[in-house]
Amino acid sequence: MSILLQELREEIVFYGRQLLKSGLTMHTGGNLSARDRKTGLVVIKPSSVAYDKLTAEDVTVITLSGQVVDGNYGPSSEWPMHTMIYKHYPRVCGIVHCHSLMATAFSAANLEIPLANHELSVYCSSPVRVAPFEMPGSEELGLSAIKYLGDDNNAVLLGNHGPLGMGASLWHAFDTACAIEQAATIAFYARQLGNFQPVPQAGREKLRACDPLTQPDTGELPVEIKAV
Ligand SMILES: [Zn+2]
C-alpha cells in the first residue's frame, strides 16, 4: 500500500543516507526537506531518528505552518527554518542543512566561503555569507538564514553551526550542500599553497546561468544539471 507523498519521502531517506555516507554529517545531525509542488506539503526528516534507521513511513509530512499531516514522529526541530525558506522562495523545493566539517569551520571563523570551484559558482553569485549565531530551532535562525541567503545565493553558513543549501529539488539542494563543503575544503588547501584565486568573473556568469533557479520556471524539476 502506498503512503502519502511516498516518492518524496523515499528521497528524504535516500539523501539522508547520502549525507552520512559522504561524511557531510554525523549521527542524527542536520536535516533535509522537500516541498511537493502540487499540494504545497513539506516532507522533512523526523526529529532524532538516525539516518540509517529512517524509513519512508518515518518521514514527517507537514504543512507550511508546521502542522503534522503524516509520519511516525514529530518533524525535525529545525522545521520553522525550512518552512520560512519555502514561504520566502516560492521556487525552492529542496533544502539540505548539514554540519559538514570544513564549511562549519569557516562559519566558526566568521569567514565567507569563496567561489573556489565551478560547482559552487553554479549555485552562488557571491561568496557564501555567514549568518550570526542563532539558537537551533528558533524563528530567528530562519530569519537570519533568509537574510544572509539574499537573492543571489542558494547557500548560506549558519554561524558556529553549519551550512544550508537550497534548490529546485532535493537533488539540487543536496548537490549545493556538496558544493559548499568542496569549495570550503579547496579554499582552505589552496590558501595553504598560496596564490589562491576564485573562479574568474566571466566564467562565474556562465556557470550561474546553469542554475535551475536562475532559469525560467518551466514547472519541471531538474534531474541533473547537464552543463557541468
Ligand atoms: Zn543544524
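Every number for a ligand or one of its atoms is a count from 1 in the order of the listing.
In this structure L20 satisfies the side chain to side chain contact (heavy atoms under 4.5 Å, CB included) test together with T25, Y51, D52, sequence neighbours excluded. Applying the salt bridge (Lys or Arg N to Asp or Glu O under 4.0 Å) rule to R191 yields no partners; only residues at least two apart in sequence or on another chain are considered.
Other residues, nucleotides and ligands contribute at most 12 non-hydrogen atoms within 6.0 Å of the NZ atom of K147.
Here L120 is tied into one hydrophobic group with M102, F106, L111, I113, L115, V128, V130, L157, I180, F188, Y189, each link being a pair of ILVMFWY side chains closer than 4.5 Å.
The main-chain N or O of A168 is found under 3.5 Å from a side-chain atom of H172 such that the two form a donor-acceptor pair.
Residues S33 and H82 have side chains that bring a donor and an acceptor to within less than 3.5 angstrom of each other.
Less than 2.8 Å away from the Zn ion (ligand 1), the protein contributes these N/O/S atoms: H97 NE2, H99 NE2, H161 NE2.
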